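Worksheet: the structure to be examined is printed underneath.
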Amino acid sequence: MTSKPEYLLEVTDLRKHFPLGGGLLGRGKALLLAVDGISFAVRSGETLGIVGESGCGKTTAGKCILRLIEPTAGSVVFEGRDIVHASAKQMREIRRRIQFIFQDPYSSLNPRMSVGQIVGEALTIHGICSGREKQRRVEELIDRVGLASESVHRYPHEFSGGQRQRVGIARALALNPALVICDEPVSALDVSIQSQVLNLMRDIQRELGITYLFISHGLAAVKHISTRVGVMYLGKLVELAPTAELYAHPLHPYTEALLSAIPVPDPDVQRNRIILEGDVPNPVNPPSGCRFHTRCRSAMPVCMKEEPEWRDLGREHRVACHLY
């Protein structure tokens, strides 16, 4: 009897380089290094948050895992199966087990389809059920995400942003996936609605044992829902740790700067805000050595020459920084 793998998803040295125009017959094209060698693993039933500034490559990484974008290099293993080299037939089966919740609840739903058709479409495509069984399953999903049963006959334009995202969640749950990749699922919503959707996602996880890869630039949302958190900067992972450990004891200077920007709901509390100088470098021509050294207040000469190693400092706390 084979033992169950420790990790549901294992990503190793994942890269996505986008060629830019230029050069004779396409030769000598510049490359945009959107994702440039990231590695992490996700256990079954946990939530791994990936956080970073806009443009750091976190959404591209999520889409590469499901091959919505073809990765340039690296390995993605899901439930022991190699996704990167899977055939079209194999990917069809894998995509029943991995679903995606998109950032924009407005553009991600087909305005010409009713909610019932949107949620039930995957059931038809994969031949799961039809007729009354399909109708029953769709109504169950709609009820599970907190929408009224008559919602199945309505269209996306009749709903608020938070309600539309609930429809997106119901669609993602239709095939009973093991892993759901959540790409900024609450960033387009009002703050009060964000908490409702996050709590809904946590309740669903407890009920169904689903695993989340939660991609966001909202540090408060990531802290609320994540078991562990990875921090990305300019296509690289710079720190990865359990949520409580990362927020209490950040090690990388970039993580420290991000956490110092979280607002505190108390006007009497003084925050030591770390202001990063300059802009994020161009991913077409990133800095040598540590990519953060151009904005780091702790930069040393070695940071400009050598890329820091990915080090495990204990308690599952990993960091790529010459300070350690």
Side-chain angles (χ1 to χ4, degrees), residues 8 44-47 49 62 66 92-216 218 221-222 224-227:
L8 180 74
S44 180
E46 78 167 344
T47 298
L66 195 49
R92 181 182 176 90
E93 177 62 28
I94 288 170
R95 284 181 177 135
R96 286 183 58 173
R97 301 285 292 157
I98 307 177
Q99 288 292 299
F100 211 97
I101 298 174
F102 295 92
Q103 176 178 356
D104 188 353
Y106 295 88
S107 63
S108 62
L109 302 179
N110 189 333
R112 298 185 179 185
M113 297 174 69
S114 69
V115 165
Q117 291 171 324
I118 290 169
V119 175
E121 185 179 23
L123 298 173
T124 300
I125 290 174
H126 288 274
I128 305 298
C129 56
S130 60
R132 290 185 178 179
E133 177 62 22
K134 174 183 171 183
Q135 182 180 351
R136 183 189 64 80
R137 173 65 176 155
V138 169
E139 289 175 352
E140 283 181 356
L141 290 164
I142 291 298
D143 179 66
R144 174 164 275 154
V145 298
L147 294 175
S149 57
E150 61 268 19
S151 299
V152 296
H153 304 296
R154 296 166 62 187
Y155 288 80
H157 72 272
E158 301 178 69
F159 294 91
S160 67
Q163 290 172 324
R164 291 188 194 195
Q165 197 59 293
R166 289 173 186 263
V167 174
I169 293 170
R171 176 176 60 183
L173 296 177
L175 298 177
N176 293 317
L179 172 67
V180 177
I181 300 174
C182 313
D183 180 22
E184 306 260 17
V186 297
S187 65
L189 308 179
D190 293 339
V191 174
S192 60
I193 305 301
Q194 287 183 15
S195 60
Q196 294 177 19
V197 172
L198 289 172
N199 288 333
L200 170 66
M201 292 176 65
R202 291 184 67 177
D203 291 342
I204 289 171
Q205 185 176 46
R206 280 194 290 265
E207 285 179 40
L208 305 179
I210 287 175
T211 304
Y212 291 135
L213 181 63
F214 190 88
I215 298 165
S216 179
V222 168
H224 181 72
I225 199 171
S226 300
T227 311

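Everything numeric in this text was worked out from a predicted model, so none of it was measured.
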* Looking at CE of M201 and CG of L198, how far apart are the two atoms once the value is rounded to the nearest 0.5 Å? -> 6.5 Å
* Asked: Looking at I118 and P156, what are the two nearest heavy atoms and their distance?
  -> CD1-CG, 3.8 Å
* To do: Taking only Lys NZ, Arg NE, NH1 and NH2, and the carboxylate oxygens of Asp or Glu, determine whether E121 and R171 approach each other closer than 4.0 Å.
  => no
* Spatial distance of atom CD (Q99) from atom CD1 (I101) [nearest 0.5 Å] -> 9.0 Å
* Does a side-chain heavy-atom distance below 4.5 Å link L175 with H126? -> yes
* **Pairwise distance OH(Y106) to OG(S108) - rounded to 0.5 angstrom** => 10.5 Å
* How many angstroms lie between atom CG of L200 and atom CD of Q205, to the nearest 0.5 angstrom? -> 11.5 Å
* To do: Please assess T124 against K134 for the test side-chain contact (heavy atoms from CB on, under 4.5 Å), listing each intermediate value before the final yes or no.
  => CA-CA 8 Å; T124 300; K134 174 183 171 183; 2.7 Å; yes
* Within-4.5 Å side-chain heavy-atom neighbours: F102 and D183 -> no
* Search all heavy atoms of R166 against all heavy atoms of G146 and return the closest pair with its distance. => NH1-CA, 4.0 Å
* Within the distance-only criterion (no hydrogens, no angle test), does the side chain of R95 pair as donor or acceptor with the backbone N or O of L66 below 3.5 angstrom? -> yes
* Answer yes or no: is there a side-chain heavy-atom contact under 4.5 Å between S114 and H153? => no
* **Ionic contact status for R137 with E133, cut-off 4.0 Å** => no
* Given side chains that start at C-beta, do those of L179 and I210 come closer than 4.5 Å, heavy atoms only? -> no
* To do: Carefully, step by step, assess T227 and F214 under the rule side-chain contact (heavy atoms from CB on, under 4.5 Å).
  => CA-CA 10 Å; T227 311; F214 190 88; over 6 Å; no
* Asked: Should I169 and V197 count as side-chain neighbours, where that means a heavy-atom distance under 4.5 Å?
  -> yes
* Asked: Would a 4.5 Å heavy-atom cut-off, applied to side chains only, mark L189 and P105 as touching?
  -> yes
* To do: Evaluate the ring planes of Y155 and H157, with Trp represented by its six-membered ring, and classify them as parallel (under 30°), tilted (30 to 60°) or perpendicular (over 60°).
  => parallel
* Distance-only side-chain donor-acceptor flag, Q103 / S187, under 3.5 Å -> yes
* To do: Could you check I142 against V119 for side-chain contact (heavy atoms from CB on, under 4.5 Å), going step by step and ending with a plain yes or no?
  => CA-CA 8 Å; I142 291 298; V119 175; 4.0 Å; yes
* E139 side chain vs S149 backbone, donor-acceptor pair below 3.5 Å -> no
* Does any N or O in the side chain of D190 come within less than 3.5 Å of the main-chain N or O of S192, such that one atom is a donor and the other an acceptor? -> no
* Asked: Q163 and side chain to side chain contact (heavy atoms under 4.5 Å, CB included): which partner among V145, L147, V115?
  -> L147
* Asked: How many angstroms lie between CZ in R164 and OG in S107, if you round to the nearest 0.5 Å?
  -> 9.5 Å
* Asked: Within a reach of under 6.0 Å around CZ of R132, are more than 12 heavy atoms found that belong to other residues, nucleotides or ligands?
  -> no
* Would a 4.5 Å heavy-atom cut-off, applied to side chains only, mark L141 and R136 as touching? -> no
* Kindly compute the distance separating CD (Q135) from CD (E140), expressed to the nearest 0.5 Å. => 11.5 Å
* Asked: Which pair of heavy atoms, one from G62 and one from F100, lies closest together, and at what distance?
  -> O-CE1, 3.8 Å
* Kindly give the heavy-atom pair with the smallest separation between T211 and G45, and that separation in Å. => OG1-N, 2.6 Å
* Asked: Is the shortest heavy-atom distance from the side chain of T47 to the side chain of L213 under 4.5 Å?
  -> no
